[in-house]
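Structure, as structure tokens:
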Amino acid sequence: MSEVNHDDLLNVDNIHTFIGQFHILEGVSVRVKKGSITVMLGRNGAGKTTTLKSIIGLTPPREGKIIFDGMEIQGKRPYNIANLGIGYVPEHRAIFRQLSVLENLKLAERKKGDFERSSEFIFKLFPDLKRLYKLPGNHLSGGQQQMLAVARALVPENKLLLIDEPSEGLAPILIQQMMEAIETLSHTTTILLVEQNFIMASQLAKQYVIIDDGKSVSSGSIKDLVLQPEVIHRYLGASIKTRKELEMEHGSEE
Amino acid sequence: MDRRNKRILQTTLIIVVVLGIIVSLYLYAGQRAFVSTIFSGLTLGSLFFLVAAGLTLIFGLMDVLNFAHGSMFMLGAYIGWQFYTNPTFIFGVAPLALAFGTGVMFISVLKPYLIAWNLTPRMQKLLPTIAYILAAVVIVFAVLGFDILGLANTAMVAMTTTTVGNPLAEISPQEPLAEFWIRPVLMMLGGLLIAFGSSKPGDKTQYAPKENLGKAMLLPAILLVVTVVSIFIRESAPVSVLLMNGNIRFLLSILVSVAFGFVFGAVIEIILIRPLYARPTFIILMTLGLSYVIRELVQFLWDPLTYQMARPPLFAMPGKAASIGEWLQNGNSTIDILGATVPTYRLFIIALGIVMFALVTLLMTKTRLGMIIRAGVQDPEMVEAMGINVKSVFTLVFALGVALATLGGIGAAPFLPVQPLMGDAYQTQGLITVVIGGMGSYVGAFVGAMILGMARAFGDYFALKLSLSPAIAEASTVIIMVIVLLTRPQGLFGSKE
Ligand SMILES: Nc1ncnc2c1ncn2[C@@H]1O[C@H](COP(=O)(O)OP(=O)(O)O)[C@@H](O)[C@H]1O
Ligand SMILES: [Mg+2]
């Protein structure tokens with residue numbers, strides 16, 4: 001079923017994941033080509049976050065294989081998986097609120113000197129963080145927290161970034177900034193991105209995979225997807241928002 | 001801005017009320033009684049802190065409420081007292097415990113090979129069971145005939161005579177090395193068997209790389225060396241320890257107690273708590289049960305008696321010192337502070353509490369481990385997803401927490417009667433401290449402990465002065481807890497979550 005493809009940095013092969021006794025993922029396959037952005041689409045509750053958590057090992061799959069960089073990683077402990085070179089940016093800006101910006105970044109070091117090496121790049125990407133580096137995380141605004149969450153994954157050298165809904169709840173201007181940052185990152189790192197904002201996603205990503213009801217139902221090149229409005233409508237339906245709708249929704253925020 | 005003003009107002013109000021209470025107590029009790037009660041309060045507060053610090057860190061990080069913490073405090077007192085009074089028993093048991101630990105630690109070396117075995121599912125289940133049964137047999141065989149009870153009895157005799165006679169005379173002859181060596185060897189075999197069983201041979205879903213085998217060898221190798229050394233010094237060490245200066249011996253007792261607490265805590269976390277993280281209620285029941293097991297074990301080893309540990313020479317000479325200089329020179333048992341007579345050993349306990357608070361603060365704010373703990377209190381999964389082995393951090397924190405409790409125990413031993421129930425009051429007060437200070441906050445634990453210590457001390461003072469029931473002091477701490485819970489449910493320093 002899955003022929004070996006050396007372009008694939010990550011190959012999630014038909015995984016089944018349970019949370020407690022709930023069968024959440026019932027066959028998800030995702031392939032991420034080296035050196036590009038792959039976007040994961042799907043309605044709320046489809047299983048996108050659970051797929052990312054299965055990859056990083058927080059909700060290990062009960063069946064199926066996950067091959068990263070030529071190595072089977074399913075069943076390994078999350079810290080082992082992360083140390084292979086996977087950075088995880090969780091949804092809802094899950095930074096450490098009791099820690100300062102600097103401590104959040106320092107904590108992400110996997111070996112000494114990681115932060116020294118990467119700080120210049122990080123602060124160029126998110127200049128706000130440099131200004132705020134002494135503040136505790138819970139004093140940051142939503143947008144700043146999201147930037148910190150992404151920045152944290154950039155401290156160690158990662159081959160793959162898993163980024164879960166980075167634009168969620170941000171003002172349009174910040175969404176734009178975030179997307180530009182992710183575009184910059186994609187020049188040096190492979191990215192698997194979960195993004196509800198279809199317009200943004202289609203501008204950034206080369207490949208897509210759609211998750212629906214715990215199964216991966218469609219995947220391929222994003223160029224092809226744009227030409228299939230019936231697929232978009234069927235699986236993404238209400239979750240697709242045009243830029244205009246987004247702006248109306250978030251206009252009053254921040 | 002409005003919120004800020006409100007906070008400033010609140011803080012001022014609290015400061016005014018606290019100052020008011022202090023001044024009226026001072027005026028009411030008079031300087032002498034006030035000062036000496038304050039020092040009693042600080043002493044109790046320091047001991048409460050040593051218990052509560054571990055409780056609160058362990059709860060904050062792993063959501064584990066350790067109901068055996070008071071028993072571990074008590075165990076720390078016994079171990080330290082035993083080492084101070086007559087270390088024969090401890091040096092006699094150490095080789096066995098160390099050998100067993102060495103065997104268990106070889107798991108990190110064995111595991112990568114064992115899980116690669118090709119076994120049928122049935123064998124995968126059967127092999128660990130066989131290993132555990134064999135381990136039990138081997139261990140019983142190693143210990144059987146070993147005169148644990150006899151040694152403990154000697155220790156007791158030594159204790160009752162130390163104050164008068166020479167403990168050296170009480171050391172009983174021990175099994176010669178030519179016969180003894182087989183016991184640690186068997187214990188090590190038992191440990192290896194347990195390591196074999198718990199590494200689940202053939203279970204390929206586990207992950208254990210062979211690459212870092214050199215690193216994995218390090219700890220067992222060190223332990224092996226220590227074990228061998230402990231076998232050879234078993235007979236000579238007790239004598240040399242007893243010949244030491246009493247103050248140094250006391251310092252060593254503290255170190256032994258802390259080291260014991262650390263290892264004991266690590267072992268408990270790995271063997272008993274780790275398998276239960278998914279079932280929090282089971283953990284509570286398990287720690288409750290463990291507290292009884294520890295108490296029974298102590299009664300078995302040392303008999304259900306009450307011992308009084310002699311104070312080290314620095315705090316032993318009868319008579320009151322006029323100044324700190326005089327005390328340090330002569331080793332007086334009391335000292336004059338602002339007209340009040342304060343036992344010098346209390347100053348030691350207070351210093352212990354304050355120094356440990358400073359060290360915990362340094363650990364939490366200045367080290368990477370502290371950063372990991374603070375982050376883990378909020379979201380251990382995310383810490384793990386960043387590449388940090390959270391399980392081993394859990395073990396480390398549990399071990400450190402228990403080490404603080406055993407430190408409290410040996411600190412309290414020359415001050416409290418050493419008996420199997422001595423930890424119970426500290427368990428309760430520690431829990432109340434944690435609730436008052438806020439779950440997971442070490443600063444809260446310190447402030448809460450000092451508040452409770454003061455409440456106890458002044459409660460006792462008033463009970464005595466006004467001929468009330470002494471229960472009023474105990475009740476006062478509960479009343480404080482209720483007031484805090486009503487006004488600030490998350491505790492004084494707890495975060496809202
Ligand atoms: N801890 C949990 N317990 C039970 N069900 C869960 C849990 N976490 C997620 N789910 C369920 O799993 C499904 C997928 O969730 P998720 O992966 O978060 O979706 P998405 O990220 O695509 O919005 C949802 O139906 C959700 O209700
Ligand atoms: Mg999600």
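- Neither the backbone nor the side chain of B/Val377 comes within contact range of chain A; no heavy atom of the residue lies under 4.5 Å from a heavy atom of that chain.
- Proximity of a side-chain donor or acceptor of A/Glu103 to a complementary backbone N or O of B/Met371 within less than 3.5 Å is not detected.
- Contacts of A/Ile81 with chain B are absent, with no heavy-atom separation under 4.5 Å from either backbone or side chain.
- Taken to the nearest 0.5 Å, the CG atom of A/Asn83 stands 9.0 Å off from the CD1 atom of B/Ile388.
- A donor-acceptor pair under 3.5 Å links the side-chain atoms of B/Arg368 to the main chain of A/Lys106, judged by distance alone.
- Highest contact tally toward chain B, considering only A/Pro78, A/Pro60, A/Gly137, is held by A/Pro78 [criterion: heavy-atom pairs under 4.5 Å].
- Around CD of A/Glu120, the count of heavy atoms belonging to other residues, nucleotides or ligands within 6.0 Å does not exceed 12.
- Taking a 6.0 Å sphere around CE of B/Met217, one finds it holds 12 or fewer heavy atoms contributed by other residues, nucleotides or ligands.
- We find the CD1-CE distance between A/Ile86 and B/Met386 to be 15.0 Å, quoted to the nearest 0.5 Å.
- Looking at heavy atoms from C-beta onward, A/Asn80 lies out of side-chain contact with B/Asn389 at the 4.5 angstrom threshold.
- B/Val390 has its side chain out of reach of A/Tyr79: every pair of non-hydrogen atoms, C-beta onward, lies at least 4.5 Å apart.
- Between B/Val383 and A/Phe96 the shortest heavy-atom distance is CG2-CZ, 3.6 Å.
- Within 6.0 Å of NZ in A/Lys65 there are 12 or fewer heavy atoms belonging to other residues, nucleotides or ligands.
- Within 6.0 Å of atom OH in A/Tyr133, 12 or fewer heavy atoms from other residues, nucleotides or ligands are found, so the atom counts as exposed in its surroundings.
- Taking chain B as the reference chain and counting heavy-atom pairs below 4.5 Å, the highest number among A/Leu99, A/Leu107, A/Asn138 is found for A/Leu107.
- For chain A, no part of B/Ser392 is nearby; none of its heavy atoms comes within less than 4.5 Å.
- Residue A/Gln98 holds its CD atom at 14.0 Å from CD1 of B/Ile373, rounded to the nearest 0.5 Å.
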